[in-house]
Amino acid sequence: MSDYSLPNPGTIEAVVSDEPRGTLLETLHEWVITVDHKRLGILYILYSTFFLLVAGAEALFIRIQLAFPHNHFLSAQVYNRFFTMHGTTMVFLVGMPFLFGFGNYVVPLQIGARDMAFPRLNAFSFWLTAFGGLLLYYSFLGGGGLYGVGNAPDVGWFAYAPLTARSFSPGHATDYWALALIVSGFGTFGTAINIIATVVSMRCKGMTLMRMPLFTWLMLVVSMLTLVTITPLTAAQFMLLIDRYLGGHFFDTQAGGSSLIWIHFFWIFGHPEVYVLVLPAFAIANEIIPVFSRKAIFGYPAMVAASVGIMFVSLSVWAHHMFTVGMTSTSNAFFTLSTMLVGVPTGIKIFNWIATLWGGRIRFTTPMLFCIGFLFQFLIAGLTGIMLSVSPWDWQLHNSYFVIAHFHYVLVGAVVFCIFAALYFWYPKATGRLMNETLGKWHFWLFLIGFHITFDTMHFLGLLGMPRSIYTYQPDRGWNFLNLVVSLGGMVQGVAVLIFAYNFIASLFQGEIAGDDPWDAWTLEWTTSSPPPVYNFEEPPEVHSRRPLWDLKHPDDPDWEYEA
Amino acid sequence: MVNEQNLEQGNGELIEIPAGTAWPIILAFGAMLCFASLVTSIGVGLVGALLTGCGIVGWFKQVFPHEHHAFVPVVRRRFVPASSRRTVAHIQVSEVHRAYLPVESYPMVAGLRGGIAGGIVMIFPALLYGYLTQHSIWYAVNLLGGAGVAHWTNPSTADIAAFHWNGLIVATVIHAAVCSLIGLLYGAMLPMWPKRPILLGGLIAPLLWTGLLHSILGFVNPAFNARIAWGWFALSEILFGIVAGIVVTRTGKIRTHQALPFVLRMGIEAKEFNPPKGNQP
Ligand code: HEM
Ligand SMILES: [Cu+2]
């Protein structure tokens with residue numbers, strides 16, 4: 001693009017807080033007792049960044065084990081623990097806390113509020129989630145049970161019955177899994193309630209629902225969906241514990257229970273959960289794409305409607321994870337159709353993003369690059385999803401690497417890409433300094449290349465019949481070369497993430513000073529100083545359109561003249 | 001070009017914010033220990049219960065009878081809005097544009113309404129067909145909804161002629177969904193052929209649809225394919241189309257957006273065409 005330009009950094013020096021710093025202990029104490037939504041948001045984000053590195057390392061161990069046939073890098077038992085911990089961590093300790101972290105940080109600022117509706121509940125929820133994660137990882141030390149069998153959970157992130165029964169999972173590993181998710185689940189619940197209450201009751205003057213930034217809209221939708229979806233999971237975890245310790249038989253087929261019940265409970269949670277993860281990614285793209293295209297988002301009302309539509313439809317598709325358990329043909333038909341239906345609102349969104357880009361003056365900064373990667377990858381992931389929704393096709397490919405490829409395309413290609421975009425985008429607001437763009441570009445390109453080497457290839461492994469969750473394979477299956485490629489791509493992504501981690505820390509000290517509004521953006525958070533003061537806004541702001549800063553910057557041509 | 005901020009100590013002005021407190025973290029830690037005690041030891045549980053108790057009481061005192069607050073001195077500053085791009089580019093709208101599409105057409109919902117009406121009327125020839133050939137009104141229903149009768153493999157004709165409630169439900173759902181979707185499609189196609197809705201809906205569309213089904217039904221639903229009577233099928237299709245067409249023609253025409261330039265139809269905002277709306281400060 002001819003007029004590609006970096007954000008203007010501003011010339012003010014006094015941005016990074018110049019208050020006298022307390023001792024390390026004082027600072028630490030302040031963070032531990034904080035009820036400030038910005039600090040809690042940052043805590044959430046640091047916590048998930050840490051676990052992103054941990055679970056990423058686990059993935060690399062998995063890939064080293066699978067790089068060659070008959071490899072002995074990990075034993076079968078350790079392999080099982082690693083993929084279980086990888087999945088559980090990425091969903092519960094990385095994805096959700098990241099997204100709630102951004103929600104916490106950004107939502108009150110965007111709606112012109114001084115804090116969340118329930119600041120103490122906010123702190124409580126974060127710490128519950130954090131301690132839940134610690135409990136999960138403590139299982140590596142404390143989970144050793146009877147006969148020394150098992151320490152960390154090794155039943156897969158979906159923990160199907162009857163594998164979780166005491167006879168098949170002795171020791172406490174599975175209990176740690178269940179308890180940790182119960183504890184962090186309550187935390188999630190608290191934050192979801194908090195976000196809903198905040199959005200409903202704390203919006204500044206003039207901010208009607210249809211003027212709310214789309215990020216805030218989507219966080220509202222996600223929080224509502226979270227309330228509905230965490231409940232069955234928590235219930236199922238309690239049932240599991242009752243089965244294991246109080247002689248219950250919910251999932252014990254031999255005693256009249258049903259292992260199918262678990263699968264239903266899990267996926268009634270599990271499918272909406274994947275939307276809980278991806279909707280915030282949409283939310284992030286909704287903020288970043290317009291700002292760097294220099295255009296208002298295309299089809300705002302349609303975007304809102306599509307998000308709410310996705311929320312409802314995603315509640316009715318869970319059994320597409322169960323086509324192979326032997327449902328009636330009615331159920332197969334129903335869940336095939338309802339799953340395909342998700343494609344409609346999703347398609348609307350993709351078209352709207354493209355229309356926003358179209359004709360815009362695009363600036364290819366790092367956050368924008370990540371969002372463009374997201375658009376492309378999410379499209380493909382949606383298409384493989386539709387393929388899997390056709391039940392006969394799924395009968396062939398269920399539990400194969402094709403499914404693994406599908407969901408990593410979404411969870412990495414869309415969710416992680418957007419998380420990175422958001423980190424680059426809001427980092428200057430939270431720290432007062434910009435992250436380094438050159439390193440950012442290196443991060444983006446390496447990560448993109450690594451991503452495609454790994455996950456494009458995985459589709460073919462799936463089509464060649466490689467099942468998921470196997471710790472090794474025979475050399476004569478024709479999978480050797482592709483597996484090696486997949487593993488190498490994983491390494492490339494690992495390097496990219498290390499570059500990111502370095503950039504993340506180094507920019508804190510050496511980054512360019514950002515100023516209030518480094519990206520020339522339009523929502524209220526950019527009117528505050530960077531970082532914002534504890535009270536966010538000296539005066540409660542008042543807005544007249546969806547892009548209050550646009551109105552301020554272009555008083556001769558404000559948005560409210562166009563908005564309905 | 002550049003954001004400036006004017007800092008000045010607001011004259012002793014204070015803003016009230018919720019005071020920081022350690023009770024939430026203590027409560028969270030206690031609660032976690034309580035859960036952890038199930039897999040560790042009773043000691044852990046006791047400590048957990050103690051912390052939980054303290055946490056609850058402490059938190060309670062934090063907000064009752066008076067909520068604790070901290071007061072932060074305000075630093076007055078001014079946000080100076082500045083954009084690196086001063087000029088706003090409006091999309092140039094040319095008056096010369098193609099307008100092959102009709103400037104007047106039926107609204108989209110007319111198609112939907114037509115679809116629903118047609119769907120209702122269409123039920124009668126289908127039932128009649130079942131009654132005349134198999135002496136059962138359920139015959140046609142089960143042909144359509146057979147997928148819903150679980151574990152039905154190679155049903156006999158008598159089977160199909162009998163009443164099955166799940167067959168009825170599935171058939172109703174399929175029929176309702178397909179009729180309204182086809183109605184919608186009809187509505188979407190109307191602007192392409194706005195002059196003769198009955199010809200389009202009543203003859204051409206049913207013929208195309210029957211032809212399409214004729215060629216693919218063997219794959220989609222072999223059992224249905226083996227028994228379908230194409231004559232009756234085409235008849236009910238045509239009836240559907242005619243009814244839908246009539247419903248549509250009785251709806252008034254509306255102006256389409258075609259009189260507007262292309263960019264506007266794409267939903268792009270251009271000042272010349274949008275009268276000011278919304279509330280102004
Ligand atoms: C158009 C959208 C989508 C469709 C049609 C779709 C469809 C499917 C289907 C049919 C399966 C089951 C495959 C099987 O197990 O045999 C599946 C699995 C999965 N999908 Fe999607 N999907 C879509 C979007 C998403 C999104 C947005 C996410 C996450 C953000 C996601 C995450 C997953 C996960 C995690 C699994 C597998 C879980 C497991 O078995 O461990 N999908 N998807
Ligand atoms: Cu799903």
Side-chain angles (χ1 to χ4, degrees), chain A residues 5 7-8 10-12 14 30 32-36 114-115 119-121 123-124 127-128 131-132 135 138 142 172 175-176 179 182-183 186-187 241 245 294 296 298-299 328-330 333 355 359 515-517 520 527 529 533-535 538 542 544-545 549 552-554 557 560-564, chain B residues 1-5 7 10 13 15-25 27-29 31-32 35-36 38-40 59 62-63 70 72 74-77 79 81-86 88-91 147-152 166 170 177 266-269 271 274 276-281:
Chain A
S5 68
N8 69 69
T11 53
I12 352 93
E30 270 182 26
V32 165
I33 64 163
T34 189
V35 293
D36 177 6
R114 289 223 163 114
D115 205 322
R120 296 172 199 84
L121 174 66
F124 177 61
W127 292 111
L128 268 183
F131 291 135
L135 187 60
Y138 179 73
H172 285 319
D175 305 321
Y176 274 100
L179 291 170
I182 291 174
V183 173
F186 282 128
L241 290 175
Y245 291 102
R294 313 296 315 150
F298 184 92
T328 61
S329 50
T330 323
D516 297 352
D517 178 22
D520 199 350
T527 59
S529 59
V534 228
Y535 46 78
E538 309 86 79
E542 186 180 338
H544 306 281
S545 78
L549 260 73
L552 287 178
K553 289 170 182 172
H554 305 278
D557 192 16
W560 64 73
E561 297 197 347
Y562 304 103
E563 283 172 13
Chain B
M1 185 65 209
V2 160
N3 306 331
E4 288 164 18
Q5 58 178 11
L7 299 173
E13 205 185 323
I15 287 185
E16 197 182 74
I17 57 161
T21 161
W23 296 117
I25 183 175
L27 181 58
F29 192 63
M32 186 272 279
F35 278 106
L38 295 176
V39 284
T40 48
W59 189 334
Q62 190 76 21
V63 281
V72 195
V74 181
V75 180
R76 280 273 155 220
R77 57 185 280 289
F79 171 74
S83 176
S84 51
R85 290 157 199 280
R86 295 273 184 76
V88 181
H90 282 282
I91 287 176
V149 187
H151 314 302
W152 233 16
N166 36 11
V170 173
M266 290 297 292
I268 286 166
E269 296 157 350
K271 201 163 194 173
N274 297 34
K277 18 180 179 165
N279 68 338
Q280 310 195 2

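Chain naming here is simple, since letters A, B, ... match the order of the sequence lines and numbering starts at 1 in each.
In this structure, chain B has a heavy atom under 4.5 Å from the side chain of Val183(A), while its backbone stays farther away. Proximity to chain B (any heavy atom under 4.5 Å) is shown, for Leu128(A), by both the backbone and the side chain. Only the side chain of Pro119(A) has a heavy atom closer than 4.5 Å to any heavy atom of chain B. Contacts between Ile17(B) and chain A at a heavy-atom distance below 4.5 Å involve the side chain alone, from C-beta outward. Of the atoms belonging to Trp59(B), it is side-chain heavy atoms, and not backbone ones, that fall under 4.5 Å from chain A. Using a 4.5 Å cut-off between heavy atoms, Ala19(B) contacts chain A through its backbone alone, with no side-chain atom that close.
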**OP:** Report the C-alpha separation of Arg77(B) and Asp516(A) in whole Å, then their side-chain angles, then the decisive distance to 0.1 Å, and conclude whether the side-chain contact (heavy atoms from CB on, under 4.5 Å) test is met.
**Re:** CA-CA 11 Å; Arg77(B) 57 185 280 289; Asp516(A) 297 352; 2.5 Å; yes
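Interatomic distance, Phe35(B) CZ to Leu135(A) CG, rounded to the nearest 0.5 Å: 10.0 Å. How far CZ of Phe131(A) is from CD1 of Ile25(B): 4.5 Å, rounded to the nearest 0.5 Å. Interatomic distance, Leu179(A) CG to Leu38(B) CG, rounded to the nearest 0.5 Å: 5.5 Å. Summarising the geometry, atom CZ belonging to Phe124(A) is positioned 12.0 Å from atom OG1 belonging to Thr21(B); distances are rounded to the nearest 0.5 Å.
Summarising the geometry of Arg114(A) relative to Ile15(B), their closest heavy-atom pair is NH2-CD1, 3.4 Å, with the distance given to 0.1 Å. Here the closest non-hydrogen pair linking Ile33(A) and Ala22(B) is CG2-CB, 3.7 Å.
Each of Arg120(A), Glu30(A), Lys553(A) has some count of heavy-atom pairs under 4.5 Å with chain B, and the biggest count is that of Arg120(A).
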